[in-house]
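Below: one structure, written as C-alpha cells.
Here the structure is a predicted model, which means the values were calculated and not measured. Each chain gets a letter, A, B and so on, in the order its sequence line appears, and its residues count up from 1.
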There are 2 protein chains.
Amino acid sequence: MKKGHQVTMKEIAKKLGVSVSTISRALKDSPELHPDTKKRIVEMAKEMNYQPNLLAQSLRISRTNTLGVIVPEITSHFFASCISGIQDHANKRGYNVMICQSNETLELEKANIRTLVASQVDGLLISLSRETNQYDHLLDLYNREIPFLLFDRVNEDIPVSRVTFNDEGGAYEVTKYLIKTGCKRVMYVSGPEDLYISKKRKEGYLHALSEFGITADPALVKISDLTTEGNIKVAQEIADMENRPDGVFCMIDPVAIDILTSWKAMGIKVPTDMALAGFTNNPTAAVVEPPLTTVAQPGYEMGKLAVTHLLDQLDGQASDDPISIVLETTLVPRQSTKALQ
Amino acid sequence: MKKGHQVTMKEIAKKLGVSVSTISRALKDSPELHPDTKKRIVEMAKEMNYQPNLLAQSLRISRTNTLGVIVPEITSHFFASCISGIQDHANKRGYNVMICQSNETLELEKANIRTLVASQVDGLLISLSRETNQYDHLLDLYNREIPFLLFDRVNEDIPVSRVTFNDEGGAYEVTKYLIKTGCKRVMYVSGPEDLYISKKRKEGYLHALSEFGITADPALVKISDLTTEGNIKVAQEIADMENRPDGVFCMIDPVAIDILTSWKAMGIKVPTDMALAGFTNNPTAAVVEPPLTTVAQPGYEMGKLAVTHLLDQLDGQASDDPISIVLETTLVPRQSTKALQ
DNA sequence: CTGAAAGCGCTAACAG
DNA sequence: CTGTTAGCGCTTTCAG
C-alpha cells in the first residue's frame, strides 16, 4: 500500500507564483508580510488541504516537540493513569508523546531509549523496569545531555529529577492504621528486595512499628516475586504459620488480592482472622469482597507533575538542577481491616 | 535545557577521511564496499557512539516506520491490552508506535489524526470515540490514501479494513446461557443506541430470545449512559420494577459491576434474586462478589491482528482491499449466574 | 569500490 | 514586504 501524495509548500508556492519562504512566513503568521498575500496563501493552503510535514520542520529546527515515555507495563492501571496525565498536559503545551513499554525487562528498556533518542525526542520520562539494576543506559543519556527524568520507579544515584510518591509515608500510615485497629502482629509482604518501593515501604512499616514500641520480628516479613503463583505461595505460608500475624500489609494491591482469594478458598476470614491491606488503590481493590483497605496513589497527577517539570526544564522555566518531587498518598480505609474504635 | 550534540555521519566521515556516502553505505552493510573500510567505519561509529537521526532518514526515504494509534481511553484495561498487542507486534516488525487518546471526544480524535498525519506516520490504527457520529475526518484519510484501519469501535460505512469481535455471537451466547440456567425474563442493559456495540450486542440478545421462542419485551431493554450515575439509576429502576427480570445482561462489565454494587446495598441477592452478566471480562469482573459471568474479549490478540494486517497491507503482503476480521469471544461462566443443571 | 551531487520539506539569515 | 540561498542529516543516483 502506498501513501498518497501530500501537498507541500513548494506546490502552493508554484500555484500562487510566490516563493516558498513567503509561504512559510504566511503559514506561521509572520508580521513582516503583506496582509493580502498572507490571506491568499492561507486560503490556498486550506483549499489544497495542506498539512505541514513535521518531520522536515523538526529536522530543520532540531526540535520535535515530542517527548518519549517508557513505562514497565501499559496494562497496569496505575501506569495507564500516569500516561494519561502525561499526554493531556504535554498536548496542552503543544507536545506529542511517544509511549513505549519495557515489559519489565532491562533489554527492552534500553531498546526503547535507543529508538526514542534516534527519533530525536526532546526529552524522556522514564519509569524503570523491575529488572533494571544497572544504569549505564541512563548515565549515557545523562552524559549526552538528553533531558530526562524518572518517575515512580526511580533510582536515586542518577543526578536527574525524579517524581515519586511518599512511599515511606504511605506505608507508615497504613501500618499505623492496622495497629490502631487492633493488630498486634503486623506482617509486611514485600516484593523483591532490590526494588525501590520494596525498600521504601518497608521503612514506613518499620517506622510505624517502632513508633508503637513494637519490636520488628523477621518472621513477620515475607517476600513475594509478585507473580500470582508467588503470591499464592505466600498466602499458604502465612496460613501455615504456627503463630500467624493478625494483620498483613502487602506492598501492592495485586498481592493482597491474590492472598485474599487464596484465604477465602481456605476459609480464612478477613478481617476477623487476619486484617489485610494493600497499596496503590487499583480499581479491583474497591470491588473485592471485602473491599480492600489500601493507599491511593494518584497516577494522573504524577504524570502531570512529571511532564510539567520536564517541559519547564526544556523551555527554561525551571532550573536544570535535578529536583525531587514527592507526592503524598492517601489512606483509603475499607472493610478488609477492622474499624477504628 | 539544551540537548547535547549528537554525532553525525559527517563527523565520522571527516575523522576517517572518507565521504559521507561511504559512511552511509557502511552503516547499512552495503555489499559494494571494501570489507576493511566497512570495518573501520563501523568501529569508529561505535566508538563515537553514533546514533542515526531517524528524522533525517525518514524525510529522505519518506517512510517513518512509525504507526499511529488512537484509542478512546488508555486507562481502560481492554484498550491498554490492545495497545500492548499492537506495540509488541509492531516492534517485532521494526515499527514504532505513537499512541494517542481521544478521551471519547470527536474533537480530540480529529486533532490526534491531524498530528499523527503531520508526523508522517506510515499508517493509523483507530478505535472511534463514543462521540464520533460523523466521519469526514476518516473519509479525508481515505481520500488522501493514508493507510488506516478501524478496530473494536468501528464504523461500517468507511471502505477500510476493520477488526472487531463477534459481538453479536458473544451476546447471543451469554443470553442463551442465562436462559439455560433458568432465567425466564432476561433483560438487556444497553449503552447509547447509536454505538456500534450497543446494536450488535442487542442483536445477539434478541437472537437468543427468539431461538428459545421468547417474545422480546420492550420493558426488558434499558439504556444507560454508561456513567456510574447512569448505571446506578438503571439499577434502581430495575429494583423498582413491578415485574422484575430474573436475569440481566449488561453491555459492558462496568455497568454490571455498578448494578451489582447498588443491588448489594439494597439487599438484592445475585444470582438468587436476579442473575447478572457482563461483557469484556475486565480484571474487576473476576474479583467482585459474586464473581461476574461475562464474555472475554482478548484485547492483546485484537491489537496483534490489527497491526499485523495493517503492516501486511503496507508492505504488500496483503491486498489493499478492505477486509473484516472478526475475533471470537469466549463465555466466562462465574457465580453471578446460576449453574447449569 | 568510493566520491560528488542532488534533494526529501522546511526555516532562517541575508539581500534587496 | 519578498525572493534567494544555504542547510538540517541522511540516502541514492550517477560518475569515475
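- Listed by chain and residue number, B:Met9 satisfy the side chain to side chain contact (heavy atoms under 4.5 Å, CB included) test with B:Ser24 (two or more places apart in sequence, or in another chain).
- Contact between the side-chain N/O atoms of B:Thr22 and the OP1/OP2 oxygens of C:dG3 is found at a separation under 4.0 Å.
- Rounded to an integer number of Å, the gap from CG of A:Leu59 to C1' of D:dC10 is 8 Å.
- Annotation: side chain to side chain contact (heavy atoms under 4.5 Å, CB included) contacts of B:Thr132 (sequence neighbours excluded): B:Leu106, B:Glu109, B:Leu128, B:Ser129, B:Tyr135, B:His137.
- Listed by residue number, A:Tyr50, A:Pro52, A:Asn53, A:Ala56 are the residues of residues 45-56 of chain A with a heavy-atom contact under 4.0 Å to DNA chain C.
- In this structure, the CG atom of A:Leu27 is 9 Å from the P atom of C:dC10, given to the nearest Å.
- If you check C:dT2, D:dG9, D:dC1 against the side chain of B:Thr8, the one that comes closest is D:dG9.
- Here B:Thr115 pairs with nothing under the side chain to side chain donor-acceptor pair (under 3.5 Å) rule; sequence neighbours left out.
- At a cut-off of 3.5 Å, with distance as the only test, no side-chain donor of B:His309 or B:Gln317 sits close to an acceptor on the other residue.
- Residue pairs meeting the ring-ring contact (aromatic ring centres under 6.0 Å, His included) criterion with at least one member in residues 81-116 of chain A, sequence neighbours excluded, are A:His89-A:Tyr300.
- Taking A:Tyr142 as the reference, A:Phe148, A:Pro159 meet the side chain to side chain contact (heavy atoms under 4.5 Å, CB included) condition, with sequence neighbours excluded.
- Residue contacts for B:Ser58: at a heavy-atom cut-off of 4.0 Å it reaches no nucleic acid atom on any strand shown.
- Evaluation of the salt bridge (Lys or Arg N to Asp or Glu O under 4.0 Å) test over residues 94-106 of chain B, restricted to residues two or more places apart or in two chains, returns B:Glu104-B:Arg130, B:Glu104-B:Arg153.
- Distance B:Gln120 CD to C:dG9 P: 9 Å, rounded to the nearest Å.
- Among D:dT4, D:dC1, C:dC1, the nucleotide with an atom closest to any side-chain atom of A:Ser19 is D:dT4.
- Atom CD1 in B:Ile12 sits about 8 Å away from atom P in D:dC10, given to the nearest Å.
- Remark: C1' of C:dG9 and CD of A:Gln6 are 11 Å apart, rounded to the nearest angstrom.
- We find that CE of A:Met9 is positioned 17 Å from C1' of C:dG7, with the value rounded to whole Å.
- Going from atom NZ of A:Lys14 over to atom C1' of C:dG9 covers 15 Å, rounded to whole Å.
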At a cut-off of 3.5 Å, list every protein nitrogen or oxygen paired with a nitrogen or oxygen from nucleotides 12-16 of chain D, distance to 0.1 Å.
none

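- Legend: side-chain hydrogen bond (donor to acceptor under 3.5 Å, both in side chains) pairs involving residues 37-55 of chain A, not counting sequence neighbours, sorted by first then second residue: A:Asp29-A:Lys38, A:Asn49-B:Asp140.
- In this entry the distance linking CD1 of B:Ile41 with P of C:dG3 reads 8 Å, nearest Å.
- Side-chain contact, A:Asp321 with A:Ser319: a donor N or O sits under 3.5 Å from an acceptor N or O.
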